[in-house]
Amino acid sequence: MNNPDNILIHCQGVTKQYRKGDNLVTPLEALDLTIPRGDFLAMMGPSGSGKTTLLNLLSGIDQPTSGSIEVDGVKVHALSRRDLAAWRARNVGYIFQLYHLVPVLTAFENVELPLLLDDMSRRERREKVEAVLSLVGLSDRMHHFPRELSGGQEQRVAIARALVADPPLLVADEPTGDLDRHAADAVLGLLKTLAREQGKTIVMVTHDPKAAEAATRILHLEKGKLLETAP
Amino acid sequence: MLLPFSYAVRNLYRDRTRLLQTLGGSALVVFLVMGAHALNEGMRRTLNASGSPHNMLIIGKGSEESVQRSEVSERAAGIAEASLSGIYAPLGERAVSPQIVHMADLALPDGRRLRGLVRGVNPKALLTHPEVAVIDGRFPGPGELMVGRLAWKRFGVDAADLAPGTTLNLDTATLTVSGTFAAPGTVLESELWMDLNDLRTLAQRETISAVVVRLDTGDPADVQLFTRQRLDLELSAVNEKDYYARLAAFYAPVRAMTWTTAALIAAAAVFGGFNTLYAAFASRVREIATLQAIGFRRVAIVVSFIQESLMTSLLGALLGAITAVLVLADRVVYLSAGAFRLGFGPETLFAGLITGAALGLIGAIPPAIRCLKPNLPQALRD
């Protein structure tokens, strides 16, 4: 049994339903899940199994139809849209398959974005951005625009952006899905380091069993239900 | 917390074709709005300046709307001069000016036809219209005429065609241009003035059009009383200022038409802007969703969209305003009442810039709302 103080995420009876035309779709049904702090969790499963839906619910991008989601003591399912935006800014870093960098901003400016939501001096922001870009090995690319970077470099900028506000939770949706093996290994190595050395809790959705191997725990989802938990 | 301003600025350059379309649309609307404003302002200023509150027009009863249609007995000028007191009289010369206002067909020696307002006057007209100054040559005597300094523009000929010494044909008579006069800001500047008796003969009139009386200490009500008492002369008295104010009201449909045209084109530009901006914002749905996922609120994104749209529309407005000033300033527009110099002023520029800002604001909000409508998970997958 996990120590309650060590639990970051606690989901209970989470169901998500939405309408698609005349049909009621249930991507997640009565799901219970507990994720301790510092866990690097990989979620696998076939397309439509509810992986991304669960990731969206855990990160406050979406809200459940029923059930409760508590992250670091905050009842995320009960927050208003406005409070949810503020909560996300402080508590969650996102890493997307296609990086989702803003193309008109440089690597530095992309990474700086989450810090603009905090009351922070320009100097403080610069120091934090430089530090995190150095951590992902892109100090020499900070003034480059996304189009001037390789896919692996873009994903590392996205990781830096996710990290810069120092959120306890990082969520990654197929972070290596668009990268070659070499770049994917570099990104996975970085995520492992973040979990191990900085105590970040990482929830990663992946189709790639090799990517999942980097995690400390693997969950399998099928038709909205948690089928298996592998160490 | 707002998105950085540089984000809005750099978004402008994402699609140069769209940028040019929006700039062009905004510039065109602002150009038209400024043109309409300047036309209205020019007309208002000219007609306001054209009438003096000291002048009373004694005209034929029933012709209060148009001096050209008015017929007044020749005797009226003498009777009015003798009957009325308090008339302006510099050096003892009483300012009572009989006039004929006649729309005439004239011809240049090379055969080009000119149609315009000819005013038959005697030298007393300079007493009733002190704003008139002969700036070249002299006041016309028999067989002569004097041209307003904007008349050449009014007739669409070269200034040299109406320069002192040149000739014009009116019916069978050949008239020599004796001089040029200025009457700043008034419709008189596009008129031709000639000898009263000559015009009476050439126009085959037995009457004059009006008697202009300039009052000093006299009461306008006395002039009206005079016209009511002299039933035999069938007269009416109108303050010259009021006459031109009525003329301005007569042109209200023209002014309304210019505004309507500008408004219709502005509406078309707003809908064009909706489409352009919707396409611009729609191509960024995922990016917008990412910004929301990071923690930026919708209002911050809408503000950024508005900044972007305002920058484009105000830049377009500036281009439109510069073009309007370069192309339209000093332009003279001709209507039957006379020539109007377009009235450009700070308020014209203000009207243009407000229009540009309104286009930017109105054009941005609906596309922004529409692009923020998809829910976040759906938009992130877009």
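Chain naming here is simple, since letters A, B, ... match the order of the sequence lines and numbering starts at 1 in each.
- Rounded to the nearest 0.5 Å, atoms CG (A:D173) and OG1 (A:T52) are 4.0 Å apart.
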Next item on the list: Go through the steps for A:L226 and A:D32 under the test side chain to side chain contact (heavy atoms under 4.5 Å, CB included), then give the verdict.
Entry: CA-CA 8 Å; A:L226 210 50; A:D32 297 328; over 6 Å; no
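- With a 4.5 angstrom heavy-atom cutoff, B:R298 touches chain A only via side-chain atoms.
- Residues of residues 306-322 of chain B never come closer than 4.5 Å to chain A when only heavy atoms are counted.
- Proximity to chain A among residues 10-31 of chain B is limited to B:R10, B:N11, B:R14, judged by heavy-atom separations below 4.5 angstrom.
- Between A:L101 and A:F145 there is no side-chain heavy-atom pair separated by less than 4.5 Å.
- By the 30° and 60° cut-offs, the orientation of the rings of B:F305 relative to B:F281 is parallel.
- For chain B, no part of A:Q97 is nearby; none of its heavy atoms comes within less than 4.5 Å.
- A distance-only check finds no donor-acceptor pair linking the side chain of A:H77 to the backbone of A:P64 [under 3.5 Å].
- Only the side chain of B:L3 comes within less than 4.5 Å of a heavy atom of chain A; its backbone N, CA, C and O stay farther away.
- For A:P103, the parts sitting under 4.5 Å from any heavy atom of chain B are the backbone and the side chain alike.
- Considering only heavy atoms from C-beta on, A:R88 comes within 4.5 Å of A:Y94 through its side chain.
- In this structure, the separation between NE2 on A:H207 and CE on A:M43 is 12.0 Å, given to the nearest 0.5 Å.
- Residues forming a side-chain hydrogen bond (donor to acceptor under 3.5 Å, both in side chains) with A:S150 (at least two apart in sequence, or on another chain): A:Q153.
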Contacts table for residues 158-166 of chain A: side-chain donor-acceptor under 3.5 angstrom, sequence neighbours left out:
{"residue": "A:R161", "atom": "NH1", "partner": "A:H100", "partner atom": "O", "Å": "2.9"}
{"residue": "A:R161", "atom": "NH2", "partner": "A:Y99", "partner atom": "O", "Å": "3.2"}
{"residue": "A:R161", "atom": "NH2", "partner": "A:H100", "partner atom": "O", "Å": "3.2"}
{"residue": "A:D166", "atom": "OD1", "partner": "A:K200", "partner atom": "NZ", "Å": "2.4"}

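- For the pair A:L221 and A:L54, the minimum side-chain heavy-atom distance is below 4.5 Å.
- Considering only heavy atoms from C-beta on, A:V136 stays 4.5 Å or farther from A:V157 through its side chain.
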